[in-house]
Novice: 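Before we start, here is the structure in question, set down as C-alpha cells.
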Amino acid sequence: MKQRFISSVQIILQLALTTAGLTGQSYPGKPKIIRCRSLEKETFSCWWKPGSDGGLPTNYTLFYSKDSEEKIYECPDYQASGPNSCYFDKNHTNPWTTYIITVMATNEIGSNSSDPQYVDVTSIVQPDAPVNLSLETKTSASITYLWAKWSPPPLAAVSSNSHVYHYELRLKPEEKEEWETISVGLQTHYKVTGLQAGVKYIVQVRCMLDLGEWSEWSSERNIQIPNGESPPEKPTIIKCRSPEKETFTCWWKPGSDGGHHINHTLLYSKEGEEKVYECPDYKTAGPNSCYFDKKHTSFWTIYNITVRATNEMGSNVSDPHYVDVTYIVQPDPPVNITLELKKSVNRKPYLVLTWSPPPLADVRSGWLTLEYELRLKPEEGEEWETIFVGQQTQCKMFSLNPGKRYIVQIHCKPDHHGSWSEWSPEMYIQIPTDFRVKDMVVWIIVGVLSSLICLIMSWTMILKGYRMMAFILPPVPGPKIKGIDKHLLETGKSEELLSALGCHGFPPTSDCDELLIEYLEVEDSEDQQLMPSHDNPSKNMKMIPKETDSDSGRGSCDSPSLLSEKCREPRALPSALQTQDVRAVQENKGAKRSWETQCIASEQEALLFNNESTKSSTWPAVQLLPNSQLPMFAYHSTVEAHTIILNTTNVNISPVLVGNEEKHQSRYPVTEAVHDNMEKQREMEYFITEQTTVQVQQNRHNDKSPFLNPKLMDYVEVHKVRQDEEPTVLLKHKDNNGKTEKYTVPGTSKEYTKVSTVVDHNILVLMPDSRIQHTPVSQEPTMETSQNLQQGQAEKNMSYCLTAPSDCKRETSGSEYMDPSSFMPSFK
Amino acid sequence: MPAYIGDAGDSPAPVDPSRSAPGSGLRRAMAPARAAGRAGAVAALALLWLLVCGPGDSGCHLLTVADLFDRVIRHSGRIHSLSTTLYTELEKHFPPRDNELGKPARKCHTSGMLTPNGKEYAQKIPREELTHLILKLLQAWKEPLSHFNQHIEHHQELPDDSLSKAKQISNMVHELKTGVEKVTKKMQSMGIISNSLNGMASSEGTGLSISNEANMMSDSDFIHCFRRDSNKVQSYLKILKCRIMPENSC
C-alpha cells in the first residue's frame, strides 16, 4: 500500500516537474529532508533542503503522518528550529511512533514533494556537545594531574533536566595528531594523570544519552602543564647531639624543594608511647634544627624522630631517626688551655698543660664525667702523638725536642658513652733550645775572647819589647830613693818628700844651707839662753819647743822635729796644744830659764844619778807642757809627774839600766869623746841644733840594729860631710860621740832614739853623762811602749801615741840611712 | 688476683683486656660456662675484698665513703662497657628483624619503675630514695640475668666469648649490689642518709614478678635493656656521690 502510494505521488510530482520545466516557469524542485534529530528524546526537529524554485516564489509545507494512523498532519512549528525546519514539541513527539515526513514545495505552477522520511524518534537522538569545559592542573601526593570540568548541553526546554549523559573526553598534546580519548562516565569532571610536565594539551568532551548518538565534540580547550612543580624531596636527619647531657638538638638537611617554599615539621614520639609530639623549639638552634630543652629531654628512652617537608605541591617525610640521648652526648671542646714551660731540677724544660672542661658541661654534679685526650706534634711534623689523659685537667709533657715549635690540641668525651668533642683550637708552644748547649756557647765565646785578648797582649809585648818589660818589671831603684819613698810616703807629706829629696839628693844646695844658717842664727839666741839651763828636766821640756822651732826652720832639710811632731800628733790633746805650748813656753822662757839656771847643777846631778828619770821625764814633759803652759804651776806639776814616773820606771827597768850601764862601761872611751864633744858644744852654741839632728840620726841608726855598726861608722862620716860645709871639726866629734852612744844604745833597744835626741839637746851641755843616760832613759819609756807595741804592734789598734815613737824613729833612721849610703864611698 | 684489683682500679677501658682477650683462647678449651663462673667468682671475691679492705692499708676502717663510691662507680662503668660489647655481638648474630631501635614492642621489664630521667630529677630526689632506686634496679636484674645465662647457653651459634661475657655481667651485677649495699650501710652508719630504706624485702618480691616479664624478651632486647639500666645505675651513683661529697672531684 505504502509503496503504491509513494510511487503514485512520485509520478504525480514528476509529471508536474516536467510540465513546469517545459514551460520555463515550472513547479518547484523537489526539496530534500536532510536530517531529523532529537536532542533529548522528547522533541525533535527536521531540516530540509529546498529544491529548485522553478522561477517562482515557493512555499514549503511539511506533512507527516504516523505509522499507526492514516491522517496527515502539517508541521506544528516552522520557526523554532530555524528556516526550512520544523520543530516537533513534546506534544507532537511520541517516542514510540514512527513518523513519515514529507516536505512539499508549492508555487503557482504546481507543487513538488520530497521523498518521505521515516523518523523513529528514539533513533535520531543526538544531544548537543557539553559546554563550559574548564581545565586546571593540580598536584596531589607529588603527582601533577589535570582537572577537567564541564557542563551538560543546554536544552531549550528548561524543565527537562533529568537526562543522563555519558561523556567522553579526548586530549592530545598540541603538536600531535592523535587524540587520546577517555571515557569519563556520567560525571562532568575528570582527573587526567600521567601528563608530561611542560607540555600544552588540547582537551574536548562530548556526551551521549543512554541511546542515540554521541554529541559533537565540544569546543577545544588548551592547558599548559606546569614545569618542575612537585612536592619536596625527603629531608634527611643529619644528627642529634647533646652537648652537656641535659638537652639535645637535632639537625636535618632539606631535600630539593619543588619550586615552592617548604615547611619543615619535626615530629617525635618516645619509646613506649603512642603520642606524637611536634618539636618544641625550632629557633634556638638555628635553621633546620630542633632544640629539646631540659623538660623535653628524657634519658634512657628512645626518641623516634621524623621530619616532614611540605610545600604547595605536597609533602614528604624523612626516614625515622632513633635517638637515645645517653649515647649522643658530644661535649664542646675544652677551654682555657694554657701551655707553660717549666724547668725541672736538671734544667731540662718540660711542658705543663692545663685546661678546663667546656663551660656547658656540669662536671661537678657527677651527671657528666669527662675524659680528655690531647695530641701534639712539631709544627712541621706529620703525625700527631695522641695521649689519653683520663679525667684530670692537666698534663705534664717531658722529652720534648728542644728548639721546636709544637702544636697542641685537646678534646674530651664522656666516659663510657657519647663521642669525642671537636679538637680545641691549635695552641703553639716554642720549646727553647737546650740550656746546656747555651752554656757551651757562652763558654766557647768566653774562651775565644780571652784567647784573643791574650794574643793581642802578647803581640803588643813583642812590639814594644823591653818597654813593656820595664813597665811590668821596673828596674830596682837605688836604695836612697827607696828609703825616702818609704818613710816620707808613710808620713804622707809630699812636701817633705820633695824637700828631703832636694836636700839629700843635692847636699850642697844653697837653699838648705841658707836656711840652716838662718835658723842657726835664730836659734842661737835661744840656745844661748838655754845653754846654761840644760840640766833641768824642765829645760828638757823647753828644749822640745826649741826643737820644734828649729824644726820649723829646718823643716825643709831635716825633719826630725817634724817627725816628732807627727809622732805627737796622734796624742789627741797634746798635738794641738803643743804649738800653743811652744809659744807659751817661749813667752815664759825668761822665767823658766831663770828657774832653769838655778837648777842646772842639781839637774846635772840628778841626771847623772837618774838617767832614766830625766829621759822618762822628757816624754811626760812633752805631754805635760800644754798643761804647764802657765809658767809656775805647770812646771811644778811636771816635776811631780817626773818624779812619779821615775819611780815607776826605775822599779820596772832597773835591769835594763844595768844593761845600759854595762854598755856604757864597755865604751868608756867613746863616752869620753862625748864629753869632749859636749864641751865643744858648750862652746859652740851653733851646733846644738845640729847636734840634735845628728843625735837623732844616730839614734835612728841605733834603732836599726847594732849589726849596722859599720854603717853607723859611715854615718858619722856623713854627718861630717854635712857639717863640713860648716864648722866641720866640731861636728865630727859630736858624731863620734853620737856613734858611741848609739853603739851602746843599740844593744839595749832600737827605740830610744827619739827620746835620746830630745834628751841630747838638754844633755848637750852635760855631754858624756847625758848620752849615756839617754840610752837607758829612752829605754824605759820605750820599754813600756815597746812592750805594748810588742804585744800590739801587729794590731796597731793600740794608741797611736805609743806606736808613734817607733814609727818616727824608723822614719828618721831611714831618712838618715839614705844619706850615708850615698856618701859612703867619698869618705872611705 | 692483685693484678685484677689493679685493673679494676685503673682502666676504665671499654673492654677489659684481662677478661676478653686472653680468656678467649683458654676458655674455648674449657667449658665456657665454668670458666666464666670461676672468673666471676674471682671477681666477686676481689670486689668484696676491695670493699672491705683497700690495698695497702692495714686498718680497713680507713676506707672512706668516697673511696667506696669511686670503686662502685668504676665497677658499674665496667659493667656498662661489658654490656655494650655484648650487645653489639648479639646484634651481629641476631640481626634485628626491623629497624634496630624502632621496634615499638621493645619494652624493658624495668620500664615500669619510676626512675628519674634527667639530671634535675636525679638531683631533687631524696638521697635515700635514690639509693633505694639503685638497689632496686640491681635487684631487678639479678634473677633475669641468671635466667638469661642459662638460656643463652643453648645458642650454639653464639661464641664462647659472648657467653662468658654474659656470665661476667651476671656476677658483676651481684658484686655491684653487694658494694652498693656496703656503701649504703656505711652512709647510714655515718648518718649521711637515714635508715629509712628497709623496704628492700618487698621490692625483692616485685623483682621476681618483674623477672618473669624479662624472660619474655628477646636476647638482644634483654641486653639492650640491661645496658640502659647499668648506665642508669652508674649515673645515679655519680650523682649520689657528688651530692654527698661535692668537694670530692666533682
Side-chain angles (χ1 to χ4, degrees), chain A residues 237 240 242 244-248 268-276 292-306 319-329 357 360-372 388-393 413-419, chain B residues 10-14 69-70 73-74 76-84 87 98-108 110-113 115-123 137 224-225 227-250:
Chain A
I237 295 173
C240 296
S242 167
E244 78 295 61
K245 208 181 166 188
E246 288 176 51
T247 66
F248 74 103
Y268 71 93
S269 64
K270 284 192 209 173
E271 175 189 3
E273 293 181 34
E274 292 298 318
K275 202 174 174 188
V276 175
F292 295 80
D293 61 9
K294 285 182 189 177
K295 272 186 188 174
H296 293 86
T297 304
S298 299
F299 288 82
W300 304 298
T301 184
I302 290 171
Y303 285 76
N304 178 358
I305 299 171
T306 52
D319 292 330
H321 192 82
Y322 299 98
V323 164
D324 189 338
V325 185
T326 314
Y327 300 98
I328 57 161
V329 179
L360 278 178
D362 180 14
V363 183
R364 297 201 60 81
S365 69
W367 182 249
L368 176 61
T369 312
L370 292 178
E371 290 172 339
Y372 302 91
F388 181 77
V389 192
Q391 296 182 9
Q392 53 192 341
T393 56
K413 158 189 179 303
D415 60 342
H416 301 305
H417 48 78
S419 50
Chain B
D10 297 329
S11 72
F69 258 117
D70 283 340
I73 288 166
R74 250 182 261 131
S76 65
R78 296 179 69 250
I79 292 174
H80 179 250
S81 302
L82 212 53
S83 60
T84 306
Y87 177 68
D98 51 353
N99 197 312
E100 174 210 347
L101 292 164
K103 283 188 289 184
R106 167 172 295 177
K107 199 178 177 194
C108 303
T110 50
S111 303
M113 287 172 66
T115 53
N117 63 350
K119 183 184 106 179
E120 291 182 353
Y121 292 116
Q123 283 180 322
L137 272 172
H224 167 83
C225 286
R227 174 182 178 229
R228 169 184 291 178
D229 280 352
S230 70
N231 185 257
K232 257 188 211 179
V233 165
Q234 197 195 8
S235 297
Y236 294 160
L237 280 172
K238 280 187 194 169
I239 284 274
L240 193 60
K241 181 203 165 197
C242 285
R243 279 177 62 181
I244 289 167
M245 291 159 291
E247 74 288 347
N248 203 303
S249 67
C250 288

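First the proteins, then the strands, lettered A, B, ... as listed; each starts at 1.
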Novice: Quick one: of N231(B), I73(B), L240(B), who has the most non-hydrogen atom pairs under 4.5 Å with chain A?
Specialist: N231(B)
Novice: Would you mind telling me which of S298(A), S365(A), G390(A) has the largest number of heavy-atom pairs within less than 4.5 Å of chain B?
Specialist: S365(A)
Novice: For K232(B), is it the side chain, the backbone, both, or neither that has a heavy atom closer than 4.5 Å to a heavy atom of chain A?
Specialist: both
Novice: Would you indicate whether Y121(B), at its atom OH, is surrounded by more than 12 heavy atoms from other residues, nucleotides or ligands within a distance under 6.0 Å?
Specialist: no
Novice: Could you have a look at L368(A), V325(A), D362(A) and say which one has the most heavy-atom pairs with chain B under 4.5 angstrom?
Specialist: D362(A)
Novice: Based on non-hydrogen pairs under 4.5 Å, which of Y327(A), W300(A), W367(A), F299(A) is most in contact with chain B?
Specialist: W300(A)
Novice: By side chain to side chain donor-acceptor pair (under 3.5 Å), which residues pair with T393(A), not counting sequence neighbours?
Specialist: none
Novice: Give, as side chain, backbone, both or neither, the part of T301(A) having an atom under 4.5 angstrom from any heavy atom of chain B.
Specialist: backbone
Novice: List in chain and number order the residues that pass side chain to side chain donor-acceptor pair (under 3.5 Å) with S235(B), two or more places apart in sequence or in another chain; answer none if no residue qualifies.
Specialist: K245(A)
Novice: Do D415(A) and K238(B) sit within salt-bridge range, that is, some charged N less than 4.0 Å from a carboxylate O?
Specialist: yes
Novice: Within the 4.5 Å heavy-atom criterion, are S81(B) and H416(A) side-chain neighbours or not?
Specialist: yes
Novice: Taking the side chain as everything from C-beta on, heavy atoms only, tell me whether T326(A) gets closer than 4.5 Å to H80(B).
Specialist: no
Novice: Rounded to the nearest 0.5 Å, what's the gap from CD on Q234(B) to NE2 on H417(A)? Could you check?
Specialist: 6.5 Å
Novice: Could you measure the distance from the NZ atom of K119(B) to the OG1 atom of T297(A)? Nearest 0.5 Å is fine.
Specialist: 12.0 Å
